[in-house]
Participant: 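One structure, pasted below without further comment.
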Amino acid sequence: MEERYNAGPIEAKWQQSWAENRTFKVSEQGGKPKYYLLEMFPYPSGRIHMGHVRNYSIGDVVARFKRLQGYNVLHPMGWDAFGMPAENAAIQHRVHPAKWTHENIANMRSQLKKMGFSYDWDREFATCDVDYYKWEQLIFLRMYERGLAYKKSSTVNWCPACQTVLANEQVEDDCCWRCDSLVEAKELEQWFFKITDYAQELLDQTWNLPGWPEPVLTMQRNWLGRSTGCEIEFPLETADGHIRVFTTRQDTVFGATFMSLAPEHPLALELTTPERRGEVEEFIARVRREDKSRRGSEEMEKEGVFTGAYCRNPVTGGRMPVFLANFVLMEYGTGAVMAVPTHDQRDFEFARRYDLPLQVVIQPPGEPLDPARMTEAWTGPGQMVNSGEFDGLGNEEAKERIADYLQQRGLGKKSVNFRLRDWGVSRQRYWGTPIPVIYCERCGIVPVPEQDLPVVLPVDVEFTGEGGSPLAKSEAFLQTSCPTCGGSARRETDTFDTFVESSWYFARYACPDYTQGPIDRSRVEYWLPVDQYIGGVEHAVMHLLYARFFTKVLRDLGLVNLDEPFTNLLTQGMVCMETRSCPAHGWLFPEEVHDGKCRKCGAEATLGRIEKMSKSKKNVVDPDHLISRYGADTARLFSLFAAPPEKDLEWNEQGVEGCFRFLNRVWRAIYDNLALIGLAAPPETEGAARQLRRLTHRTIRKVTDDIDGRFHFNTAIAAVMELVNEIYSFEAKQSSPGAMREALEAVVRLLAPFVPHLAEELWCCLGHLDGLEAAGWPAWDPAALVEEEKTIVIQINGKMRGKVVVAADADDQTIERAALEEPNVARFLAGQTVRKVVIVPGRLVNVVVG
RNA sequence: GCCGAAGUGGUGGAAUGGUAGACACGUCGGUCUCAAAAACCGAUGGCUUCUGGCCGUGCCGGUUCGAGUCCGGCCUUCGGUACCA
């Protein structure tokens, strides 16, 4: 054994051994219980960053821990390889997205291998592989057959100068990030997945996911946004037909005094009277322009325009002017709102601005509401007034009764509405899965026949960032013949949202080599669901909801037998760092800043906010220098020790040194004691050895609980540090070689999931030839934990005043007597009346005086 | 705006409603050394009349024998907000 810890050669040795022996390759055989551990796969941005190191170190601890516990662990890795940055690189640096992506993957793969993560690399794939995305195209065809994929019109961000569609991220202050032109809203026909068909099931199953963090479930429930109420029809005054609204407040229908439509509402222009037309058109155009970010926000000025048309309140017969209002969203409900200014704050502000009538229909307890003097809407509970036969009822009861009333008279019906909208999957981009559809002038939309799959992304296209998707300019791709009539036709040039790929990759890991379809049922049924899924909180809603949706779709297509994909979920906090920018060069990487100045031009770098590390803001740290300087084990240990997984981690490097020092201490503890413990007998159980054994076994229990139960790796590591500190200061080691050996072996075995290279090496040094996995996870001995004495804290009126040591089995009277006799306590109690004594067994005594 | 979360020493963090600050970083002091580094040992929330006491977990209030922890109201920061992934 070397005298000093030298990470480099040790890590190279074990990584080579794992690779050569295919140590982490798994199959469905083996007779052990299965455990599928998955971390969210990375976007191949070029280099791994600390967020990856953290995410994958957490995952690897669990994978190795479960393996030590005797599970058959599937732990795969791959690449979420389609997406915008590849295309941006193509535009900026004239690199083909495929080349850029594959180079990045090669880079990052070697970085991950250097970290020593225990992946089954034989299952690796990238979503840009034809062998992956062709099956996605097949799933799309099946969804299309079932009506789960359909086309409809929707708006995109359009840069008129670049003649191209922008992602939300590419819009800065309503302007194009490349050319600074004002971004417009543009209508396009796009593909959608009917996730709303599954809204109820997605909601119901949130109550059946005990292994998910409650905040994530809450966010998903709120995103789905189920509300119950009524659809009510308001007849038009001058024409046939009616305006249909959805409301959760049918109890206020008697107070509806005007109507608000979304500017995009199909009736908007149809109803507008000729003399109002100019103003209405101008309003629609204006709202559409400011659309994006601000609409729906409460601070936005409520604005509207009168259409000149009227409808009738179906229960009062009252005449209601029809307005268009900028805060009414076409995507939610029916795109029309019955306005009750007395009991809805937005309607109230709107009514004040346009001088519209107010009618109180719910009277809160106390002073009667006076419409003329109200300063805000009353949205709380109260008693019904001005509501015909419903007067005098509580408004909650009236909700039910009015719903029945409307339904009986055919004026409306009870209805459930979700906030969730269908999932728009069309992207006007090159670097994504081509949507397998052909447009024929004669036959219309024709899905690509299954035997013609895959629709392969062409390689020879040009990237300018202007003039729309490169695919649309590739004649070779575009021109095809209609599969139905054989006539000339053109291909769909939109590609899928990259969330589609990440919605089913976890299933493909079970059978990445399967050639007969997307999913090999028997293998997928063995491995799925994922037992533990680990990834960033930023995916709490969208990715996780889409993946849940896709699982249900695959089930209904008969491909899997599964309702939910992820049994347990751990959402890790983000790794954050301050951003820096230069007035001339924009965002700066940390290494581009020197003494607070931009290295390129010397200008003062502006210190920005602390944000999630991201490629686009360039506030990223490359873990490579940590690995080369300290080794992968130190990098792993630090990312786990710095904070519990669910917390955000503000990056700073203080503390790395401490983790490295600790590993050196562990190394030396073994090295220094190797001779002593070489021929050790079983651990001694009396005297000083007993103390050491107690801590050894207590540490085994704590580390086990911290890893298994709550994923608090920082406290698990701290516990091992305490044991190592104790080993260093243990004075009776000459008389306790057995207990010393037990303690040192426990340290190595407990550290194995965190610092696997070092642990394997030390395990060898301790004379074990068949590896740590053969040894399994250590068990604690309850007998070693038994304590003879306990320290009891004594409080007076809740303040700590002293401590007393009593026998572990002392009864309450003994403890109370000892507490009252403690000198400092006695001093405080002199002249006071003891009113009550609270005794918490084994912990504390609180004496209440006064 | 809406939804979710976080706020504790100089720093990262610890604490089933029961000793606030485990463990580590940093700092200070010491041992070793010609010297330095490394290593090791010790101290380290603030104030104080110092075997002790007072204050202290973003702010205000409440529940409780006892609150960092539970409840109500704020403030600040972070994430998501449907085309970043």
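Worth saying up front: this structure is predicted, and the values here are computed from it rather than measured. Letters go in sequence order (proteins before strands), and every chain restarts at 1. The figures that follow rest on heavy atoms only: side chains count, while hydrogens, waters and symmetry mates do not.
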Participant: With respect to the side chain of A:Thr218, which nucleotide from B:G4, B:A14, B:A82 is positioned closest?
Facilitator: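 So the nucleotide nearest the side chain must be B:G4.
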Participant: Would you please confirm or rule out a distance under 4.0 Å between OP1 or OP2 of B:A85 and any side-chain N or O of A:Thr498?
Facilitator: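 Yes, such a contact exists.
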Participant: Do A:Glu657 and A:Tyr630 come close enough that some side-chain heavy atom pair is under 4.5 Å?
Facilitator: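 When only atoms from C-beta onward are counted, A:Tyr630 and A:Glu657 do touch, with a gap below 4.5 Å.
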Participant: Rounded to the nearest angstrom, tell me the gap between atom CD in A:Glu538 and atom C1' in B:A5.
Facilitator: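 Rounded to the whole Å, the gap is 13 Å.
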Participant: What does A:Val165 touch in the nucleic acid at a heavy-atom separation under 4.0 angstrom: a base, only the sugar-phosphate, or nothing?
Facilitator: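 Base contact.
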Participant: Tell me whether the centres of the aromatic rings in A:Trp212 and A:Tyr533 are closer together than 6.0 Å.
Facilitator: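 No; A:Tyr533 has its ring centre 6.0 Å or more from that of A:Trp212.
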Participant: Taking the C1' atom of each, how far is B:A20 from B:G66, in whole Å?
Facilitator: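 To the nearest whole Å, 14 Å.
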Participant: Under 6.0 Å between ring centres: does that hold for A:Tyr133 and A:Phe82?
Facilitator: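 Yes.
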Participant: For B:C40, give the paired nucleotide (Watson-Crick: N1-N3 plus N6-O4 or O6-N4; G-U: N1-O2 and O6-N3; both under 3.5 Å), or none.
Facilitator: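 Across all strands, the one nucleotide that pairs with B:C40 is B:G30.
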Participant: With a 3.5 angstrom cut-off on both distances, give the Watson-Crick or G-U wobble partner of B:G68, or none if there isn't one.
Facilitator: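 Pair assignment: B:G68 / none.
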Participant: Using a 4.0 Å heavy-atom cut-off across all strands, classify A:Gly225 as base, sugar-phosphate, or nothing.
Facilitator: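 Contact class for A:Gly225: none.
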Participant: Write down the distance separating the P atoms in B:C2 and B:G10, rounded off to the nearest Å.
Facilitator: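 It works out to 35 Å between them.
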Participant: Between A:Gly655 and A:Lys702, which is nearer to the 5' end of RNA chain B once each is assigned its nearest nucleotide?
Facilitator: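 Closer to the 5' end of RNA chain B: A:Lys702.
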Participant: On a whole-Å scale, what distance lies between the C1' atoms belonging to B:U16 and B:C84?
Facilitator: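 Between the two C1' atoms, the distance is 41 Å.
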Participant: State whether A:Arg665 places a side-chain N or O below 4.0 Å from either non-bridging phosphate oxygen (OP1 or OP2) of B:C40.
Facilitator: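 Yes, A:Arg665 has a side-chain N/O under 4.0 Å of OP1/OP2 on B:C40.
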Participant: Watson-Crick or G-U wobble partner for B:G56, using a 3.5 Å limit on both distances?
Facilitator: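 In the structure as shown, B:G56 has no Watson-Crick or wobble partner.
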Participant: Quick one: is A:Arg421 getting a side-chain N or O under 4.0 Å of the B:A82 phosphate, OP1 or OP2?
Facilitator: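 It does not, given that no N or O in the side chain of A:Arg421 lies less than 4.0 Å from OP1 or OP2 of B:A82.
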Participant: With rounding to the closest Å, how many angstrom separate the C1' atoms on B:G79 and B:C25?
Facilitator: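 Going atom to atom, C1' in each nucleotide, I get 27 Å.
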Participant: Are OP1 or OP2 of B:A85 and a side-chain N or O of A:Arg429 less than 4.0 angstrom apart?
Facilitator: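 For A:Arg429, the contact criterion (side-chain N or O under 4.0 Å from OP1 or OP2 of B:A85) is not met.
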Participant: Kindly assign one of parallel, tilted or perpendicular to the pair A:His539 and A:His543, based on the angle between their ring planes and the thresholds 30° and 60°.
Facilitator: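 A:His539 and A:His543: perpendicular rings.
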Participant: At under 4.0 Å between heavy atoms, what does A:Ala642 touch on the DNA or RNA strands: base, sugar-phosphate, or nothing?
Facilitator: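 The answer is sugar-phosphate, as A:Ala642 gets under 4.0 Å only of primed atoms, P, OP1 or OP2.
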Participant: Classify the side chain of A:Gln190 and the base of B:C83 as holding, or not holding, a donor-acceptor pair under 3.5 Å.
Facilitator: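 Between B:C83 and A:Gln190, which were checked side chain against base, a qualifying N/O pair under 3.5 Å is present.
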Participant: Heavy atoms from C-beta onward define the side chain here; which of B:A20, B:C25, B:G13 lies closest to that of A:Met800?
Facilitator: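 Closest of the options to the side chain of A:Met800: B:A20.
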Participant: For B:U48 versus B:A35, give the span between their P atoms, rounded off to a whole number of Å.
Facilitator: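 These two P atoms come out 38 Å apart once rounded.
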Participant: Would you say A:Arg710 has more than 12 foreign heavy atoms packed within less than 6.0 Å of its CZ?
Facilitator: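 It does: A:Arg710 CZ has more than 12 such atoms within range.
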Participant: Distance check: side-chain N/O of A:Asn222 vs OP1/OP2 of B:U81, anything under 4.0 Å?
Facilitator: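 Looking at the OP1 and OP2 atoms of B:U81, neither is under 4.0 Å from any side-chain N or O of A:Asn222.
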Participant: May I ask which nucleotide in the shown strands pairs with B:U19, Watson-Crick or G-U wobble, both distances under 3.5 Å?
Facilitator: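 In the structure as shown, B:U19 has no Watson-Crick or wobble partner.
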Participant: Counting only Watson-Crick or G-U wobble pairs whose two distances fall under 3.5 Å, which nucleotide matches B:G7?
Facilitator: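 Per the H-bond distance test, B:C75.
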Participant: Give none if B:U81 has no partner; otherwise give the nucleotide forming a Watson-Crick or G-U wobble pair with it, both distances under 3.5 Å.
Facilitator: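 In the structure as shown, B:U81 has B:G1 as its Watson-Crick or wobble partner.
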Participant: Under 3.5 Å, is there an N or O donor on one side and an acceptor on the other linking the side chain of A:Asn846 and the base of B:C65?
Facilitator: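 Answer yes: a donor N or O sits under 3.5 Å from an acceptor.
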Participant: Going by atom types alone, do A:Thr699 and A:Glu722 pair a side-chain donor with an acceptor below 3.5 Å?
Facilitator: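 No pair is found: no donor N or O on one side chain lies under 3.5 Å from an acceptor on the other.
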Participant: Between A:Arg801 and B:G53, is there a contact of a side-chain N or O with OP1 or OP2 at under 4.0 Å?
Facilitator: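 Yes, such a contact exists.
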Participant: Give a yes/no on whether any side-chain N or O of A:Asn714 is located under 4.0 angstrom from OP1 or OP2 of B:A14.
Facilitator: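 Answer is yes, contact under 4.0 Å.
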Participant: For B:U81 and A:Arg419 - does any side-chain N or O of the residue sit under 4.0 Å from the phosphate oxygens OP1/OP2?
Facilitator: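 Answer no for this pair, as no side-chain N or O of A:Arg419 is under 4.0 Å from OP1 or OP2.
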Participant: Remember a base hit wins even if backbone is also touched, and classify A:Leu420 as base, sugar-phosphate or nothing at under 4.0 Å, heavy atoms.
Facilitator: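 Base contact.
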Participant: From the options B:G12, B:G79, B:G18, select the nucleotide whose nearest atom is closest to the side chain of A:Val838.
Facilitator: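 Nucleotide nearest to A:Val838's side chain: B:G18.
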Participant: OP1 or OP2 of B:C55 versus the side-chain N and O atoms of A:Lys799: is any pair under 4.0 Å?
Facilitator: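 Yes.
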Participant: Which one, B:C78, B:A24, B:G52, comes nearest to the side chain of A:Asn725?
Facilitator: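 Minimum distance to the A:Asn725 side chain belongs to B:A24.
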Participant: Between B:G53, B:C84, B:A15, which one does the side chain of A:Phe828 approach most closely?
Facilitator: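 Selected nucleotide: B:G53.
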Participant: Select one nucleotide: of B:A39, B:U19, B:C65, the one nearest the side-chain heavy atoms of A:Val848.
Facilitator: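 Nearest nucleotide to the side chain: B:C65.
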Participant: Take A:Ile707 and A:Phe754 through the side-chain contact (heavy atoms from CB on, under 4.5 Å) test and state the conclusion after the steps.
Facilitator: CA-CA 10 Å; A:Ile707 296 179; A:Phe754 305 99; 3.7 Å; yes
Participant: Hey, which sits more toward the 5' end of RNA chain B by its nearest nucleotide, A:Phe82 or A:Arg827?
Facilitator: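 So the residue in question is A:Arg827.
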Participant: Touch check for A:Pro644, heavy atoms < 4.0 angstrom, all strands: base, sugar-phosphate only, or nothing?
Facilitator: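 Here A:Pro644 touches the backbone only, sparing every base.
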Participant: What nucleotide, of B:A22, B:C83, B:U19, holds the atom closest to the side chain of A:Glu722?
Facilitator: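 For A:Glu722, the side-chain atoms sit closest to B:A22.
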Participant: So A:Trp223, base contact, sugar-phosphate only, or nothing? Heavy-atom distance under 4.0 Å.
Facilitator: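 It contacts base atoms.
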Participant: Determine the Euclidean distance between corresponding C1' atoms of B:G7 and B:U51; express it in Å to zero decimal places.
Facilitator: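 Comparing C1' positions in B:U51 and B:G7 gives a spacing of 37 Å.
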Participant: Under a 90° cut-off about 0 for the syn range, is B:G72 syn or anti?
Facilitator: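 B:G72: anti.
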Participant: What interatomic distance, in whole Å, is found between C1' of B:A22 and the corresponding atom of B:G13?
Facilitator: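 About 10 Å, rounded to a whole number of Å.
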Participant: Syn or anti for B:C71, taking syn as within 90° of 0?
Facilitator: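 For B:C71, whose glycosidic angle is more than 90° from 0, the conformation is anti.
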Participant: Please work out if A:His539 contacts a base, only the sugar-phosphate, or nothing of the nucleic acid, heavy-atom cut-off 4.0 Å.
Facilitator: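 Here A:His539 touches the bases of the nucleic acid.
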Participant: Donor-acceptor check, side chain of A:Arg419 to backbone of A:Trp223, threshold 3.5 angstrom: yes or no?
Facilitator: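 Pair found, side chain donor or acceptor close to backbone of A:Trp223.
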Participant: Counting heavy atoms from C-beta on, name the nucleotide in B:C65, B:A14, B:C23 closest to the side chain of A:Phe641.
Facilitator: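 Side chain of A:Phe641 sits closest to B:C23.
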Participant: Should the ring pair A:Tyr132 and A:Phe125 be called parallel, tilted or perpendicular, given that the plane angle runs from 0 to 90° and is split at 30 and 60?
Facilitator: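 Parallel.
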Participant: When the C1' atoms of B:A67 and B:G61 are compared, how many Å lie between them, rounded to an integer?
Facilitator: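 Nearest-Å result for B:G61 against B:A67 at atom C1': 14 Å.
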Participant: What nucleotide among B:A38, B:G4, B:U81 has an atom nearest to a side-chain atom of A:Met542?
Facilitator: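 The listed nucleotide nearest to A:Met542's side chain is B:U81.
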Participant: Classify the nucleic acid contact of A:Phe662 as base, sugar-phosphate or nothing, counting any heavy atom under 4.0 Å across all strands shown.
Facilitator: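 The answer is nothing, as A:Phe662 stays clear of every strand by at least 4.0 Å.
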Participant: Which label fits A:Tyr505 and A:Phe41: parallel for a plane angle under 30°, tilted from 30 to 60°, or perpendicular past 60°?
Facilitator: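 Rings of A:Tyr505 and A:Phe41: parallel, under 30°.
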Participant: Does any donor-acceptor pair link the side chain of A:Gln428 with the base of B:C83 at a separation under 3.5 Å?
Facilitator: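 For A:Gln428, whose side chain was compared with the base of B:C83, there is a donor-acceptor pair (under 3.5 Å).
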Participant: Categorize A:Thr791 for me: base, sugar-phosphate, or nothing, with a 4.0 angstrom heavy-atom threshold over every strand shown.
Facilitator: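 Counting heavy atoms under 4.0 Å across all strands, no contact is made by A:Thr791.
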Participant: Among B:C78, B:A39, B:C83, which nucleotide has an atom closest to any side-chain atom of A:Asp648?
Facilitator: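 Nearest to the side-chain atoms of A:Asp648, counting from C-beta on, is B:C78.
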Participant: May I ask which nucleotide in the shown strands pairs with B:C50, Watson-Crick or G-U wobble, both distances under 3.5 Å?
Facilitator: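 None - no nucleotide pairs with B:C50, as no candidate has both distances under 3.5 Å.
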